[in-house]
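A short write-up of the structure that comes next.
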There are 2 protein chains.
Amino acid sequence: MTTVTYQINKEKLEKAAYILKTVAHPTRLAIVDLLSQNEKLSVNEICEVLQCEQSLLSHHLINMKLKGILRSEKDGLNVFYSLKEKDVIKLIECIEHCDCNY
Amino acid sequence: MTTVTYQINKEKLEKAAYILKTVAHPTRLAIVDLLSQNEKLSVNEICEVLQCEQSLLSHHLINMKLKGILRSEKDGLNVFYSLKEKDVIKLIECIEHCDCNY
DNA sequence: TTGATATATGAAAATATGTTCATATATTTG
DNA sequence: CAAATATATGAACATATTTTCATATATCAA
């Protein structure tokens, strides 16, 4: 006889997976990291620091904005992105201690 | 003149992304959740609770074991999986508070 | 040894994600 | 207005991940 405890519901897990997936990419993690250190940055600034092609970066940024992780505000020619969901910073910290195989 | 602070190195970010990706899947998150509540579970037990096809579940479990998140031990016909890298539980908690778009 | 049960494996198919490239749009400046 | 700059868009392509299915292997019990 098995009595297995199952806590979290499906919907919550799907949401969590969705957010994790959004962040689980080196460039996107770098963006989160950058924006945790710098209140707001223009696409160009991020582009230069990360050495990432403009259009590719744009895709990443818009993706993360769509999912509520970033916000953006326009100022003249520039668009400044900033961290909307600051909790995602914790994900990086959380994993730094992990001792998984890689 | 731009002075952008950039903290984490590329390698660290790639490792973090790698681990996050491994966990960023509803079924795999459910497995982590289950194993945070139950010390160890057989493939079959997990199969039944999650209503997941046996072979698919096996793929997930082996994948997570390979990446150091789970461990397994054989006992007769059964293989019991348990959480090796308990820190990943925190990822779920971390995200539960997040208020992203979905 | 045969049959039943639990788990793993591997290849193929289905699906999703990431990247590139060419070009569009919007804003500023001369 | 034309040119320059910053960013966005979309389609095509490349690549990676997930799922399915058929089957293999291992262990146990009769």
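Predicted model, so just to flag it, every value in this text is computed and none were measured. Chain letters run A, B, ... following the sequence lines, proteins first, then strands; residues in each count from 1.
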In whole angstrom, give the distance that lies between atom [atom1] of [X] and atom [atom2] of [N].
X	N	atom1	atom2	result
B:Leu56	C:dA14	CG	C1'	13 Å
B:Lys21	D:dT15	NZ	P	14 Å
A:Glu53	D:dT7	CD	P	13 Å
A:Ile62	D:dT7	CD1	C1'	8 Å
B:Asp75	D:dC28	CG	P	8 Å
B:Ile31	C:dT7	CD1	P	13 Å
A:Lys40	D:dT7	NZ	P	14 Å
A:Leu61	D:dT7	CG	P	9 Å

Side-chain N,O ([X]) to OP1/OP2 ([N]) below 4.0 Å:
X	N	answer
A:His25	C:dT19	yes
B:Lys74	C:dT7	no
B:His60	D:dT19	yes
A:Asn78	C:dT27	no
A:Tyr81	D:dA8	yes
A:Asn44	D:dT7	yes

Within 6.0 Å of NZ in A:Lys67, more than 12 heavy atoms from elsewhere:
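Enclosed: over 12 neighbouring heavy atoms sit under 6.0 Å from NZ of A:Lys67.
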Are more than 12 heavy atoms, taken from residues, nucleotides or ligands other than B:Lys12, located less than 6.0 Å from that residue's NZ atom?
no
Identify which nucleotide among [options] has an atom closest to any side-chain atom of [X], counting heavy atoms from C-beta outward.
X	options	value
B:Val43	C:dA8, C:dG18, D:dT20	C:dA8
B:Leu77	C:dT27, D:dC28, D:dT20	D:dC28
A:Gln54	D:dT7, D:dT9, C:dT7	D:dT7
A:Ser58	D:dA22, C:dG18, D:dT9	D:dT9

Report which part of the nucleic acid A:Ser55 touches: base, sugar-phosphate, or nothing (heavy-atom distance under 4.0 Å, all strands).
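Base: the residue A:Ser55, judged by heavy atoms under 4.0 Å, touches a nucleobase.
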Please list every donor-acceptor pair under 3.5 Å in which a side-chain atom of residues 14-25 of chain A meets a protein atom from a residue at least two apart or in another chain.
| unit_1 | atom_1 | unit_2 | atom_2 | d |
| --- | --- | --- | --- | --- |
| A:Thr22 | OG1 | A:Tyr18 | O | 2.8 |
| A:His25 | ND1 | A:Thr27 | N | 3.1 |

So does A:Asn44 get a backbone contact from the side chain of A:Gln54, meaning a donor-acceptor N/O pair under 3.5 Å?
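No, the answer is negative, given that no donor and acceptor are paired below the 3.5 Å cut-off.
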Donor-acceptor contact below 3.5 Å, side chain A:Asn9 vs main chain A:Glu11:
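Pair found, side chain donor or acceptor close to backbone of A:Glu11.
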Taking all atoms of both residues into account, what is the closest heavy-atom pair of B:Glu45 and A:Val4, and its distance?
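For B:Glu45 versus A:Val4, the nearest heavy atoms are CB-CG2, 4.4 Å.
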When you match A:Gly76 and A:Asn63 each to their closest nucleotide on DNA chain C, which lands nearer the 5' end?
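So the residue in question is A:Asn63.
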Would you mind telling me which residue lines up with the more 5' stretch of DNA chain D, A:Val79 or A:His59, judged by nearest nucleotide?
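Per heavy-atom nearest nucleotide, the more 5' residue is A:Val79.
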